[in-house]
Undergrad: 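Before we start, here is the structure in question, set down as structure tokens.
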Amino acid sequence: MATTPPAHRLTPGPAEGRRPAAFHGWRIVAAFAVTQTAGYGCLYYAFAVLLHPIAAGLHTSTTAVTGAVTTALLASAATAVPAGRWLDRHGGRAMMTTGSLAGAGLLAACSQVRAVWQLYAVLLGLGAAMAMSLYEPATAVIVSWFDPARRPRALLGMIVVAGFASTVFMPLTGVLEHRYGWRATLLALAAGYAAVAVPLHALVVRRPPAPAARMSTVAGRGAVVRAALRDGRFWCLAVAFVAHGAAMSAMTVHLVGFLVHAGHPATFAATVAGLLGVLSVTGRLALTGAQRRLRLHRVVGAVFAVQAVAACSLPFTGTSRAGAVVAVTGFGLGFGVASLATPALLADRYGTSAYASIAGTLAAPVTLAKAGAPLGAAALYTGTGSYTPVLLTIGAAGLVAAGGIFALTAPIPLTDH
């Protein structure tokens with residue numbers, strides 16, 4: 001497997017070995033715990049609830065509205081790389097403040113659309129705003145502030161809270177839509193998101209202090225990115241997380257349909273599917289504890305393998321309630337693992353000086369996979385008339401993800417910490 005020549009080894013990023021600045025770093029973590037919960041709830045999960053009302057209001061099909069949401073994900077993928085480069089050069093405050101302001105404005109604009117093409121245009125912009133203000137830039141800011149010993153706890157602090165975004169905002173969106181309609185709901189969400197995210201991003205987010213001699217130059221960051229792209233292990237990570245993202249997205253969309261098709265009541269199916277959000281928090285906590293004793297890539301690979309087995313077993317065990325719960329539990333424990341594993345594996349190997357650029361490069365294909373996988377799964381179900389091939393394909397993707405992670409045996413960092 002290709003390795004990077006010694007000439008491309010880099011000095012530590014601004015976060016390594018620096019402790020005095022960590023105090024404000026915890027303020028940033030607290031701010032992001034709030035803004036990411038509100039951001040994912042308003043900009044992403046709300047549309048799962050408003051899908052049918054928007055379709056009815058625009059006199060179109062839910063497929064057309066789903067296509068608009070997919071367009072937002074594609075725009076987010078396209079924006080991830082330039083957003084990462086901007087963040088490495090300028091820091092996160094201006095970009096995240098602009099992104100959250102744009103997100104709120106576009107939510108308000110969405111409430112006023114009168115035609116399907118207008119919906120697509122607004123959600124195209126919303127996808128770019130998401131890439132500027134949600135998880136990827138927030139993670140990059142945290143990575144830049146914390147040293148490797150404190151980084152997992154800092155990321156966990158943000159991600160565990162944000163993991164409840166669907167739990168909070170999907171019911172809230174449903175109540176608002178029932179009482180006031182989808183247009184007023186989007187206006188309320190826009191106002192709430194602007195009131196929370198814009199001031200917190202503007203006032204709390206800042207670049208970590210570092211001696212001028214250690215600040216990375218544009219050329220230095222470019223060398224790091226080029227070194228990563230020539231590194232075979234980066235592509236192992238890319239294959240692993242693209243396959244895992246596709247599996248997670250397909251399962252999220254089609255799990256309820258499978259359970260209902262298997263003969264379970266819709267209420268049971270929705271309840272079991274709701275376990276995924278709770279289990280994602282459990283999995284993240286378990287991963288944080290386990291990585292103190294075991295190599296991170298081995299833990300992640302084992303979790304992905306368990307998910308693959310759970311997905312493959314679901315067509316055969318999911319016809320009973322107990323079997324469905326067990327299989328979904330096995331799959332759900334790895335549901336939120338990638339959000340912690342990705343920054344840890346990237347920062348440990350490539351340092352923090354160009355983290356946002358490298359993470360953005362990885363996020364683009366992962367987001368594309370998440371956008372396309374449900375459509376591919378739907379086509380497979382339509383073509384075969386059965387969910388069994390869909391779930392076996394999801395399991396196969398999980399095995400590919402596990403194989404990509406296990407290929408990182410005894411990784412040697414490209415940076416000195």
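Excluded from the calculations below are hydrogen atoms, water molecules and symmetry mates; all remaining heavy atoms, backbone and side chain alike, are included. Values in this document were obtained by computation on a predicted structure and should not be read as measured data.
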Undergrad: Do Trp145 and Arg27 have side chains that approach each other closer than 4.5 Å (heavy atoms only, starting at C-beta)?
TA: no

Undergrad: State which residues pass side chain to side chain contact (heavy atoms under 4.5 Å, CB included) with Arg114; sequence neighbours excluded, sorted by chain then number.
TA: Gln112, Gln118, Arg183

Undergrad: With sequence neighbours left out, write down each residue that passes side chain to side chain contact (heavy atoms under 4.5 Å, CB included) with Val161, or none if nothing qualifies.
TA: Ala33, Thr37

Undergrad: Using the side-chain hydrogen bond (donor to acceptor under 3.5 Å, both in side chains) rule, collect all pairs that involve residues 390-399, keeping only residues at least two apart or in two chains.
TA: none

Undergrad: Under the ring-ring contact (aromatic ring centres under 6.0 Å, His included) test, which residues partner His261, sequence neighbours left out?
TA: Tyr387

Undergrad: Going by heavy atoms in the side chains, are Phe406 and Phe304 under 4.5 Å from each other?
TA: no

Undergrad: In the structure I gave you, are the side-chain heavy atoms of Ser144 and Tyr355 within less than 4.5 Å of one another anywhere?
TA: no

Undergrad: So, taking the atom named OG1 in Thr35 and the one named CE in Met96, what distance separates them when rounded to the nearest 0.5 Å?
TA: 5.5 Å

Undergrad: Listed by chain and number, what are the side chain to side chain contact (heavy atoms under 4.5 Å, CB included) partners of Ala269, not counting sequence neighbours?
TA: Val256, Leu259, Val260

Undergrad: Donor-acceptor pairs under 3.5 Å, side chain of residues 240-250 to any protein atom, not counting sequence neighbours: which ones?
TA:
from   : atom 1 : to     : atom 2 : distance (Å)
His244 : NE2    : Gln307 : OE1    : 2.9
Ser249 : OG     : Lys370 : O      : 2.6

Undergrad: The criterion is side chain to side chain contact (heavy atoms under 4.5 Å, CB included); which residues satisfy it with Leu172, sequence neighbours excluded?
TA: Phe169, Leu176

Undergrad: Sequence neighbours left out, what passes side chain to side chain donor-acceptor pair (under 3.5 Å) with Thr173? Give chain and number order.
TA: none

Undergrad: Could you verify whether a donor N or O on one side chain and an acceptor N or O on the other, from Ser133 and His201, lie under 3.5 Å apart?
TA: no

Undergrad: Filter on ring-ring contact (aromatic ring centres under 6.0 Å, His included), then keep only pairs touching residues 64-110, sequence neighbours left out; what's left?
TA: Trp86-His90

Undergrad: Go through the steps for Phe146 and Val29 under the test side chain to side chain contact (heavy atoms under 4.5 Å, CB included), then give the verdict.
TA: CA-CA 10 Å; Phe146 288 87; Val29 171; 3.8 Å; yes

Undergrad: Distance-only criterion, 3.5 Å: show the donor-acceptor pairs between side-chain atoms of residues 42-58 and protein atoms not counting sequence neighbours.
TA:
none

Undergrad: Who passes side chain to side chain donor-acceptor pair (under 3.5 Å) against Thr367, sequence neighbours left out?
TA: none

Undergrad: Taking ring-ring contact (aromatic ring centres under 6.0 Å, His included) as the definition, give me every residue that meets it alongside Phe268, ordered by chain and number, with sequence neighbours left out.
TA: His264

Undergrad: Taking atom CZ of Phe164 as the centre, does the number of heavy atoms from other residues, nucleotides or ligands within less than 6.0 Å exceed 12?
TA: no

